[in-house]
There are 2 protein chains.
Amino acid sequence: MAHRPRREMIAETRGKLLAAGRKAFGTIGYAEASMDDFTAEAGLTRGALYHHFGDKKGLFAAVVSEIDAEMTKRLEDVTAQAGDSWRGFVDGCAAYIEMAVEPEIQRIVHCDGPAVLGPSWLTTSQSGCIACMTDDISRLKAEGIVRDVDPEATARLLNGASLHAAQWIAGSDDPEGTSKKAVAAFRALLDGLRVEADEHVAPAVETAASYS
Amino acid sequence: MAHRPRREMIAETRGKLLAAGRKAFGTIGYAEASMDDFTAEAGLTRGALYHHFGDKKGLFAAVVSEIDAEMTKRLEDVTAQAGDSWRGFVDGCAAYIEMAVEPEIQRIVHCDGPAVLGPSWLTTSQSGCIACMTDDISRLKAEGIVRDVDPEATARLLNGASLHAAQWIAGSDDPEGTSKKAVAAFRALLDGLRVEADEHVAPAVETAASYS
DNA sequence: TTAATTGACATACGTAGCGTATGCAACTAA
DNA sequence: TTAGTTGCATACGCTACGTATGTCAATTAA
């Protein structure tokens, strides 16, 4: 018994390393995470890690891309779940902010990620989320809902804005209140992108005034 | 001779360490920068560094706050130099993007900074620039130029958008073209914040269309 | 002027943690 | 059965950080 699963044992080892690394990176951060420690915690040694991922950075990159895939899926789900396409876009942005507030994502993807994988990684990465937002904006533009803007450029700007909003919220003493402020301001920004803001200026002003 | 300057010698040593660290951090990055190497390059040893800055992080923090002060000053200058207050604000944002494209600022402040000094640092930091932008927005709101938005929240969102725009530009194969796209999209975002965009929608659409 | 003290910086040491080289056992193939 | 490959552990060296200690110049006091 326990004899057939050869491929499975290997996949299990990979999975253990991935999980252990993800946990360590997500809590104490990349620099503080000792390979000896978290591989031992997974019942393995650094030898397995070097075999499967090459080095510490390799494991980190694998963890990041795993998380990135999860984030992309979550975003796509949220966007698809809304009937209105504009609503779907706004909800997607809100979901992105919410994800970026989560400590693990915050630490691994947005904090250590750029430093470990290099500044150039920033451009190519988050490709999933950026692509998702770019598609949304393209569609909204085609539908005549948003103004004539470059979809990718706008997606990247909004992505950056979302990120900073999340970091602001996560670092705040009053996450609740800060979150409300940030989301209200974000909606105001988004409303500015619409071709005709007539029927939307009113609610925007209303929410913007609700926290003063 | 060369006898009076006691205080001066100390300041000079501090300055040498700061400059050496800044150069190393700005080129090869924090993790790759060896204290033995760059202190030796400055004609000193690690002993001096530990004496003045406590540890490697301490020196890094000093470098970051030096750069942050410089950035704040540059931003204030740009903003003050423009006659129109709206123009001053827009110019300030553009200047922020331009600064963030510079390799040293990119690497030290936006790439390694959060990872080394911790995620929480993000909130408190960039305080100079954030405060500057917040003031601008408050003024513009009081002047009736921008809509009723929370100044600090909006400042942080725009700050994040600027940052990502800069990273996108810096990592692009075609920085010139990417920069045009990013700035055009950014102007479109800013225009959306104005109370009446009548006289500004035209040029915004014009610049937005100029790169298609 | 000299003795004492402080402070600026260098030297020496211990140690953690990464990467590589090597070893071994289990599985596969001929 | 044997030869070869693969998955992972063990052993080693090296780099680089932090601390403890030493030293010399500059200040202060007598």
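Letters A, B, ... mirror the listed sequences (proteins, then strands); counts begin at 1.
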Which atoms of nucleotides 21-25 of chain C (N or O only) lie under 3.5 Å from a protein N or O atom, and what are those distances?
none

* C/dC9 C1' sits how many Å from B/Glu8 CD, rounded? -> 18 Å
* To do: Round to a whole Å and report the spacing from CZ of A/Phe38 to P of C/dA16.
  => 18 Å
* **Presence of salt bridge, A/Lys180 and A/Glu176, under 4.0 angstrom** => no
* Figure out the CZ/P separation between B/Arg7 and C/dT6, and round it to whole Å. => 16 Å
* Can you tell me if the side-chain N/O atoms of B/Ser34 get under 4.0 Å from OP1 or OP2 in D/dT15? -> no
* Asked: If you check the B/Met35 side chain, which of C/dC9, D/dC8, D/dC17 turns out closest?
  -> D/dC17
* Structure fact -> Applying ring-ring contact (aromatic ring centres under 6.0 Å, His included) to A/Phe38 and not counting sequence neighbours gives A/Phe25
* **Heavy-atom side-chain proximity of B/Arg139 to B/Pro151 below 4.5 angstrom** => no
* Asked: Among D/dC17, C/dG19, C/dC9, which is the nearest nucleotide to the side chain of B/Tyr50?
  -> D/dC17
* To do: Check every strand shown and say whether B/Ala33 touches a base, only sugar-phosphate, or nothing at a heavy-atom separation below 4.0 Å.
  => sugar-phosphate
* Which nucleotide in D/dG18, C/dC9, D/dG7 has an atom nearest any side-chain atom of B/Arg46 -> D/dG18
* **Rounded interatomic separation in angstrom, taking CZ from A/Phe53 and P from D/dG7** => 13 Å
* To do: Would you mind checking if A/Arg14 and A/Glu66 are paired as a salt bridge, meaning a charged N to carboxylate O distance below 4.0 Å?
  => no
* Interatomic distance, B/Leu44 CG vs C/dT11 C1' [rounded to whole Å] -> 14 Å
* Which residue pairs satisfy the salt bridge (Lys or Arg N to Asp or Glu O under 4.0 Å) criterion with at least one member in residues 43-55 of chain A, sequence neighbours excluded? -> A/Asp36-A/Arg46
* **Atom pair distance, as rounded to whole Å: CD in A/Glu32 and P in C/dA16** => 14 Å
* With the side chain of B/Lys56 defined as its heavy atoms from C-beta on, choose the nearest nucleotide among D/dG18, C/dC18, C/dG19. => D/dG18
* To do: From the options C/dC18, C/dC9, D/dT10, select the nucleotide whose nearest atom is closest to the side chain of A/Thr45.
  => D/dT10
* Asked: B/Ala40 near the nucleic acid: base, sugar-phosphate alone, or nothing, with a heavy-atom cut-off under 4.0 Å?
  -> nothing
* Asked: How far does CD1 of A/Ile137 sit from CZ of A/Arg156, to the nearest 0.5 angstrom?
  -> 11.5 Å
* Asked: Do the charged groups of B/Arg74 and B/Asp77 touch, with an N to O distance under 4.0 Å?
  -> no
* To do: Using whole Å, report how far CD1 of A/Ile10 lies from P of C/dT28.
  => 9 Å
* To do: Grab the CE-C1' distance between A/Met9 and C/dA26 for me, whole Å please.
  => 11 Å
* Hey, are B/Lys23 and B/Glu104 close enough for a salt bridge, meaning a charged N less than 4.0 Å from a carboxylate O? -> no
* To do: Would you please confirm or rule out a distance under 4.0 Å between OP1 or OP2 of D/dC8 and any side-chain N or O of A/Thr13?
  => yes
* Asked: Out of C/dG17, D/dA9, C/dA8, which nucleotide sits closest to the side chain of B/His51?
  -> C/dA8
